Amino acid sequence: MPNPLPPESPDAENAAFLRQFGRSNETTEFYSPSPEGYQSGRHKFVAVMGTVMSGLGKGIFSSSLAKLLKDKGLAVAPIKMEGYLNIDSGTLNPFRHGEVFVLDDGTECDMDLGTYERVLNQNLTRANFVTSGQIYAEILEQERRGGFLGRDVQMIPHVTGLVKLRLRHLAMTGGPGGGPADVVFIEVGGTVGDYENGFYIEALRELAFEEGPQSMCFVALTYIIEPAILGEQKSKAAQLGIKRLMETGVQPHIIACRAKNPVNDTVMQKIAMYSNVPMKRVFSMHDRESIYTIPEAMWSEGLDREILSILGLHDRVDPVHEERARRRWSEYADKIRAPRRHKVTLGITGKYTTVRDAYASIDKAIEHAATHLSADVQVKWIDTSDITQANVADRLGGNGIHGVIVPGGFGERGVEGKIACVRHAREQRIPYLGICLGFQMAVIDYARHVLKLQGANSTEFEPDCPHPVIAELPEQKKIEGLGGTMRLGAQDVLLEPDSLAWMLFEPGEQATVPQRFRHRWEVEPAYVDRLTAAGLRFSGRHPDYPIMQVLELDRSAHPYFLAAQFHPELTSRPLRPHPMFMGLVAAAIVRAEPDLAQESMPATLLRWLHTPSTDKTAPVVEPRRAVDP
Ligand code: GLN
C-alpha cells in the first residue's frame, strides 16, 4: 500500500486535517495515497478541461502554457488523461483517433503527447499518459491482492485516490532527469459532462482541496460560436459548458475562449459575469497562423503571469532563462511569419487521404524543416489504391512534384500503388523519403525491379510469396495477439561513414543515433547481400543484430533516395528539425529550382545535393548481380 499523505502542508492546521486523508480502514472514509516523501504544497497543478466540444486543441493550449512556464526555468510535467478503457493507443485506428504516437520507452499513446514533446522539447514517458483502462486495471489488481483492508472498493475514494496518486507521483518524478516537477499540467480528455471522464474531474476537485490553497489552477477551455446566419459571436454555449463544470464543484480560475476570430468584449464580459472569473482572467484564444505562435500570443496577453499569481510561483522564476528561451522561440516564430523564398510540392501516399490527423507528426516534421529552409511546402495526399505503373506518373502530378514520401502503415490496401510510387521516384530521380512501411516498399521495389526477383513481397501481405524480402521479426513470430507486441520505442541505429545518412545525422564518434520504432516486419537478412550487391545501400543498422534500419542509393544513382525502418517524424522538433526531413525538403527545393543559390541550407547538405551524379540520364542503377536463390 502507498504511504499515507505526509502532512507537510505549509499551513499546520490544514496539515493536521489533511493527515486524515491518508488513512484507509474501517474507521475512516478517507483514501488519498501519496508516494513516499511527497510534500504537499511543493508541487503545483494546472488542469485544463474542455467544455462545449472536443477538438478545441486542449493539448496545444496546455503545452503552450507549460512551455511559457518552462521558459521561466520551472520544471514542468504534462499528463494526458484519457477516458477510454484501452490500456494504451496501440490498437486504436489512426483514422478514427489520429495517429498513434510512440515515446522513447515504447508507450503507444495519444497524438497530444507528440504536441507536448514538440512544444516543450522534452521527452516523455508512460508516466505522462493515463487511461481509464490503466486506472481500472490497477484498482482491480490491487483489490485481488487484498490491498483495501476489507473495505468495499468504490469510485470515490478509491478510483479517484489512484488518480491522485498518479498525479503526485508524476509531480515527484516528471521533471528533467526524473527529478521533481514544479508544475504538473493535466489535460483531461473529452469534454466536461462526458460520463467516462467524470471521475478524473472529481479526483482533481479532491486534489485541489487536499493540496491546499494556491496549489491548483483550473482552466476551462471553451468555444465561442459564430453562426454564419447571425454573423456575430454568441456566448450561450460557452456559458452552459462552464456551468456544467461548476456543477462538479470546480470553480475555474481561468477561462480560455477558443474562437475563429478574436473574442469581442461583450462576449468576454458575459463569460466573466456568469462564471465568477474576473475579466483579466478571461482570454481570447482565437485561431492563429501556426500553433507555434500561440505561446507568444499567450505571453503578450499575460496568461502566464496570471497562472504564476494563482499558484504563487513568482519567486521561482528565472528571468535570464526566460529571456534566452523566449528569444530562441521568437526567432523560430519569425521564420514562420516570414515570406517563403521557395515553393515545392511533396506527394504523400496516405490511405484515407482526407484525415490529416492520421499523419499529424509527418505534417509537423515537414513544417519544421520547411520553416528552417524558408520553403512553402504544398502537400498532395495521394490515395494509392488505384495507382498502377501505367498511371503513376500522372497520379503523382508529373513534373509538378518535387518529392515523395511513403509513410508508415499496416495492411495490404494500396500497397502495390505505393510500390509503383517508389519505383517512379527512384527511376525519375525524384527525392524520396520512405518511412517504416515506405522503407519496406523501397526494398520490395528494388528486389522486384532491379534484382529481378519476381514476386518479391512482404509476408505481411503475402505469407507464401516466392521471395519474402520483408519478413516478420523472429521475436514477433512468437507473440500472439496485437496489443503492444511490436518492436517499439527508442533503439540505436549504427550509421555507416560516407553515406547520406551519416552526413545528415552527423553522429559523431560513437556513430549511433537513437531513433523511434514501431514495426513488426523487417528486411529478411538472407537477402541483404544480394540487395547490397545490386546497389541498395543499408547505411544504418542495428548495432548488434542484422536488422536493417536505413537504406539509400548512391549519389551517382539518385539525388536523394533515403528510407528508414524507424519513424523520423516522431522526434522532429521545431527547434531541432529531423535531418531526414531537412534533407528531403532541401532536395525538393533543388529539384524545383536547380540553379538557385541555397543560402539557408546546411553546407554539407548543399554539397551533397550539388555533387553532380556521374550520369544524370541513366534510367536506373543496373544490378551488378541478379540471381534467384
Ligand atoms: N506494417 C509494417 C510493419 O509492421 C510497417 C509498420 C509501420 O509502417 N509502422 O513492420
Side-chain angles (χ1 to χ4, degrees), residues 88-95 97-104 106-109 111 114 348-352 355 357-363 365 384 404-419 421-422 432-445 447 456-463 465 468-491 493 515-525 527 538 540-542 545-551 562-572 578 580:
D88 60 35
S89 308
T91 56
L92 295 184
N93 180 344
F95 302 103
H97 301 272
E99 79 178 355
V100 177
F101 197 78
V102 183
L103 305 177
D104 270 350
T107 303
E108 296 173 288
C109 56
M111 57 186 277
I348 307 185
T349 65
K351 227 177 358 180
Y352 296 96
V355 191
D357 272 2
Y359 302 101
S361 290
I362 291 186
D363 212 38
T384 57
V404 173
I405 298 177
V406 176
F410 295 84
E412 210 188 340
R413 191 171 175 270
V415 155
E416 288 303 318
K418 288 176 190 169
I419 295 171
C421 291
V422 182
Y432 175 72
L433 177 62
I435 298 175
C436 207
L437 185 69
F439 168 93
Q440 299 171 356
M441 300 287 95
V443 172
I444 296 171
D445 160 54
N457 212 337
S458 163
T459 57
E460 180 178 4
F461 318 122
E462 199 186 339
C465 64
V469 289
I470 304 293
E472 216 169 341
L473 290 162
E475 70 259 34
Q476 296 298 334
K477 286 184 187 148
K478 293 179 233 132
I479 307 172
E480 299 286 327
L482 288 180
T485 61
M486 279 183 278
R487 181 164 177 261
L488 287 165
Q491 312 258 348
V493 178
Q515 293 292 319
R516 283 189 200 167
F517 290 79
R518 181 173 190 250
H519 68 127
R520 202 173 275 125
W521 278 265
E522 61 161 339
V523 181
E524 168 58 53
Y527 287 91
F538 292 104
R541 300 177 184 220
H542 189 286
Y545 301 105
I547 304 179
M548 303 303 119
Q549 305 191 323
V550 182
L551 67 77
L562 187 67
Q565 184 62 81
F566 50 82
H567 289 268
E569 74 277 20
L570 298 178
T571 47
S572 181
H578 195 283
M580 287 182 150

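Note that the coordinates shown come from a computational prediction; the quantities given were computed from them, not determined experimentally. Starting from 1, each residue takes its place in the sequence as its number. In listed order, ligands and their atoms are each counted from 1.
Looking at R518, its side chain never comes within 3.5 Å of a backbone N or O of C436 through a donor-acceptor pair. The backbone N or O of G414 sits less than 3.5 Å from a side-chain atom of T384, completing a donor-acceptor pair. Side-chain N or O atoms of T107 include none that pairs as donor or acceptor with a backbone N or O of C109 at under 3.5 Å. Q440 contributes a side-chain N or O that, together with a main-chain N or O of W521, makes up a donor-acceptor pair within less than 3.5 Å. Panel note: side chain E472, backbone R520; no donor-acceptor pair is recorded below 3.5 Å.
Any N or O atom pair closer than 3.5 Å counts here, and F410 shares no such pair with ligand 1. In terms of N/O distances under 3.5 Å, ligand 1 is approached by G409.
Counting heavy atoms under 4.0 Å from ligand 1, residue M486 does not touch it at all.
In terms of heavy atoms, R516 sits closest to F566 at O-CB, 3.2 Å.
Below 4.0 Å from some heavy atom of W521 lie the following atoms of ligand 1, by number and element: 3 (C), 4 (O), 10 (O). The ligand atoms of ligand 1 that sit less than 4.0 angstrom from a heavy atom of G408 are 8 (O). Each of the following atoms of ligand 1 lies closer than 4.0 Å to a heavy atom of H519: 3 (C), 4 (O), 10 (O). Listed by number with element, the atoms of ligand 1 under 4.0 Å from a non-hydrogen atom of R518 are 6 (C), 7 (C), 9 (N). With ligand atoms numbered from 1 in the order given, ligand 1 contributes 5 (C), 6 (C), 7 (C), 8 (O), 9 (N) to contacts under 4.0 Å with heavy atoms of C436.
The nearest protein atom to atom 4 (O) of ligand 1, hydrogens excluded, is given as R520 N, 3.0 Å; this is a heavy-atom distance. Among protein heavy atoms, atom 2 (C) of ligand 1 sits closest to E460 OE1, 3.3 Å.
Contact annotation: E522 has no heavy atom less than 4.0 Å from any atom of ligand 1. Using a 4.0 Å heavy-atom cutoff, H567 is listed among the residues neighbouring ligand 1.
Atom CD1 of residue I348 and atom CD1 of residue I435 lie 8.0 Å apart, to the nearest 0.5 angstrom.
For the residue pair H519 and E460, no side-chain donor N or O sits within less than 3.5 Å of a side-chain acceptor on the partner.
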